[in-house]
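The structure appears right after this line, and notes come after that.
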Amino acid sequence: MISEKLQQARDYEREKEAAILPENRPVYHFTPLTGWMNDPNGFSWYQDRYHLFYQYFPYTTEWGPMHWGHAVSEDLLKWDFLPAALAPDQPYDVEGCWSGSAVEIPDGETGSRQLLIYTGREPFFNEERREIRQVQCLAAGDGRDYSKWDNNPVITSADLPEGASIYDFRDPKVWRDEEEACYYMAVGSRAADGHGQVLLYRSRNGFQWDYLKVLDASRGKIGSMWECPDFFELEGSAFLLLSPQDMVQEGEFQNRHGNVYIKGIYDKEKHDFIRQEVHALDFGYDFYAAQTMQAPDGRRILIAWMQAWENARTREYVNGWAGMMTVPRELSVKDGYLIQTPVRELLQRRRNPVILRRVPVSGRIRLEGVQGRCLDMTVSVSPGWKSDYDSFEIRFAEGEIKGQYYAVILRYDKKEGLITLDRSVSGYRDDALPVRRLKVDSTGQVKFRLLLDRYSAEIFVNDGRYTLTSVLETDQAAEGISFISEGDAEISVEKYEIAHDGSAKREAVC
Ligand code: FRU
């Protein structure tokens, strides 16, 4: 049964969809069908397709009572919208269906069903005072339509460890453990000390859940509330992904709402996670609430909201949508670090190569055929054959518009081993910290892969060892790219345009 509220959202989004012209959306980054989007939810594989749900308020381009939007894809890049999956239509989620995940469960009648696990925001009265608590809820469906479970909520404040906040308890990430034939859930929580922690629950059937333990906790060090946890093992290590609120801006952590990963060792029998290292997951301005899934071919794939809460309120939305996702990224591990690379499916979308080898750069140059705002470009920088360079810059989204110079400046200071990303002259006006800084541990060659789309830049440094992700508000006419070297450098450039979505109708490149 589809509730009135969900039907209303579905009717509304269908009516509005056509009003957003493809030329007013990014070419290969996911945007909501209409209205507002934040976190990716329920990123999963079900019935031969990838599913992506998202925090969604269809009615305006601002955050509101959360619904779940829904889209499916065969290649992780071309997404087809399905009708909104969830609306806040029950007493236990009337204040919003907040973030969560999806998992496939066996079902006697139909073979299997897709289970959505999400946070409901439930108002209640405490001695006549209206308060909110967060509870974990389920909806099961066929990949298109979902029914909320009659016994919702399945985890409430009664299932919290002592002292944990009933208000900050959200974003369940569920996975199946095949060996044990059971499901696990990691949920963000706020401990009695006011700081974040992740709680672990277990279920045999996906419907009844038992509390196990605290998987890890901030203890005052890694921000306050921990949002959007994810937990997986990869190449012999365990990784706990978190989006902590209110981080102190120091070292690797330069965003107030950052996205970090904790690498550790997981003892599966005792459910003990032994923390080893904490790192930023991304070094740019806009990256939050990352969620991963395991593809049928075994790849661990990540997608994140390409936005930061501190920036989200200041943007002006003119195109009928607000919020983009990053390109899905394949994860691997090298030297103990999490490595991110754009999914290999993107290679199929590349067109019109411009390949230049061993180009000397001393001072500033532009290269023929190397410009644009929608491209996949790799630039390898090495010392020149005569002498070395001190610093190297790539300026993109560059141009003069109405007498004003615009550019995004990506700079590598070789002596300092420092990469900076500066969008202070890009037309973006609201950054508290105008430059993002990143200490690199490579001294020799440096390699940048830039994925530009109309409203964003994703930069992969040294084959994905570091990433810097940012939205751009720069006028589309600023499409120049310059290379600037202090000293003698030599570069190799591989640049491709990205085709729209591969469909015959929109074969044109951007
Ligand atoms: C993270 C977050 C989640 C919450 C959702 C609400 O961006 O705050 O913790 O579930 O957004 O939209």
Side-chain angles (χ1 to χ4, degrees), residues 20 22-32 36-38 61 254-255 259 282-288 303-327 329 342 346 370-377 379 393-402 404-411 419-438 448-461 466-483 495-498 500 509-510:
I20 305 177
E23 51 268 37
N24 289 331
R25 290 189 189 263
V27 170
Y28 60 102
H29 283 83
F30 184 80
T31 44
W36 167 272
M37 171 176 81
N38 53 290
T61 49
Q254 296 170 69
N255 290 325
N259 211 161
D282 188 275
F283 292 81
Y285 299 82
D286 300 291
F287 185 99
Y288 200 68
I303 195 164
W305 180 36
M306 195 154 53
Q307 188 67 267
W309 280 113
E310 53 265 48
N311 299 333
R313 279 177 284 271
T314 56
R315 298 194 58 202
E316 287 166 36
Y317 302 105
V318 290
N319 292 338
W321 56 266
M324 294 179 279
M325 296 298 178
T326 62
V327 133
R329 303 173 179 182
L346 188 65
V370 180
Q371 77 277 320
R373 286 290 291 277
C374 174
L375 49 83
D376 180 352
M377 175 173 78
V379 181
E393 265 179 39
I394 304 176
R395 294 192 175 203
F396 57 93
E398 188 186 38
E400 195 155 313
I401 294 162
K402 295 186 190 140
Q404 175 69 44
Y405 174 75
Y406 291 98
V408 183
I409 304 168
L410 175 65
R411 179 183 165 89
I419 288 175
T420 49
L421 179 67
D422 180 351
R423 68 172 177 191
S424 55
V425 292
S426 73
Y428 200 97
R429 291 181 181 81
D430 301 299
D431 291 322
L433 275 182
V435 177
R436 292 294 185 265
R437 299 157 64 83
L438 143 66
F448 297 105
R449 182 167 174 195
L450 273 71
L451 296 188
L452 304 189
D453 200 342
R454 290 178 178 139
Y455 312 101
S456 64
E458 289 178 80
I459 299 158
F460 299 81
V461 181
Y466 313 96
T467 65
L468 300 110
T469 301
S470 290
V471 304
L472 302 182
E473 295 193 345
T474 322
D475 192 299
Q476 299 301 316
E479 56 168 18
I481 298 178
S482 310
F483 303 94
K495 182 230 141 192
Y496 303 84
E497 291 166 11
I498 305 282
H500 211 290
V509 285
C510 49

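None of the values given here were measured: they were computed from a predicted structure. Numbers for residues simply follow the sequence, beginning at 1.
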- Thr474 side, atom OG1; Tyr455 side, atom OH - distance, nearest 0.5 Å: 11.5 Å
- Message: We want to know whether Asn255 and Tyr288 form a side-chain donor-acceptor pair, criterion being a heavy-atom distance below 3.5 angstrom.
- Response: no
- Note on the structure: Rounded to the nearest 0.5 angstrom, the CD1-CH2 distance for Ile20 and Trp321 is 9.0 Å
- For the residue pair Met324 and Val471, establish whether any side-chain heavy-atom pair is separated by less than 4.5 Å. yes
- Item | Under 3.5 Å: donor-acceptor pair, side chain of Asn259, backbone of Phe287 | no
- Atom pair CD1 (Ile409) and CZ (Arg395), whose distance is rounded to the nearest 0.5 Å: 4.0 Å
- Report yes if the side chains of Asp475 and Tyr406 come closer than 4.5 Å at any heavy-atom pair, otherwise no. no
- Message: Quick check against the 3.5 Å criterion: does Trp305 have a side-chain atom that pairs as donor or acceptor with the backbone of Met37?
- Response: yes
- Message: Restricting to non-hydrogen atoms, name the atom on Asp286 and the atom on Gln307 that form the minimum distance, rounded to 0.1 Å.
- Response: OD1-OE1, 3.3 Å
- So, does Arg436 use its side chain to make a donor-acceptor pair with the main chain of Thr469 at under 3.5 Å? no
- Note on the structure: Sorted by chain and residue number, the salt bridge (Lys or Arg N to Asp or Glu O under 4.0 Å) partners of Asp376 (sequence neighbours excluded) come out as Arg350, Arg449
- Just wondering, are more than 12 heavy atoms of other shown residues or ligands nearer than 6.0 Å to CZ in Arg411? yes
- Task: For the residue pair Ser424 and Asp422, confirm or rule out a side-chain donor-acceptor distance under 3.5 Å.
- Result: yes
- Query: In terms of side-chain heavy atoms, does Tyr285 have a donor or acceptor partner in Gln254 at a distance below 3.5 Å?
  - Reply: no
- Any Glu458 side-chain heavy atom under 4.5 Å of Thr326 side chain: yes
- Message: For a quick test of reading the model, state the closest non-hydrogen atom pair linking Gly323 to Pro32 and the distance between them.
- Response: O-CD, 3.2 Å
- Polar side-chain atom of Arg454 near backbone of Arg25 as donor-acceptor pair, under 3.5 Å: yes
- Can you tell me how far CD of Glu497 sits from CG of Leu375, rounded to the nearest 0.5 angstrom? 8.0 Å
- Message: Between Leu450 and Leu410, is there a side-chain heavy-atom distance shorter than 4.5 Å?
- Response: yes
- Short N-O contact, Arg329 and Asp282, less than 4.0 angstrom: yes
- Query: Side chains of Val327 and Met306: does their closest heavy-atom pair fall under 4.5 Å?
  - Reply: no
- Message: A side-chain contact here means heavy atoms from C-beta on lying under 4.5 Å apart; do Glu398 and Tyr405 qualify?
- Response: yes
- Please tell me if the side chains of Phe460 and Leu451 come closer than 4.5 Å, counting only heavy atoms from C-beta onward. yes
- Query: For Glu479, which residues count as a salt bridge (Lys or Arg N to Asp or Glu O under 4.0 Å) partner, sequence neighbours excluded?
  - Reply: none
- Message: Side chains of Phe396 and Leu472, heavy atoms from C-beta outward: is any pair under 4.5 Å?
- Response: yes
- Item | Donor-acceptor contact below 3.5 Å, side chain Asp453 vs main chain His29 | yes
- Item | Spacing of CG belonging to Leu468 relative to CD1 belonging to Ile459, to within rounding of 0.5 Å | 5.5 Å
- Message: Strictly distance-based, threshold 3.5 Å: is any side-chain N or O of Thr61 a donor or acceptor partner for the main-chain N or O of Ala322?
- Response: no
- Got a donor-acceptor contact below 3.5 angstrom from the Arg373 side chain to the Ala397 backbone? no
- Message: Between Phe483 and Val370, is the side-chain contact (heavy atoms from CB on, under 4.5 Å) condition met? List the steps.
- Response: CA-CA 10 Å; Phe483 303 94; Val370 180; 4.0 Å; yes
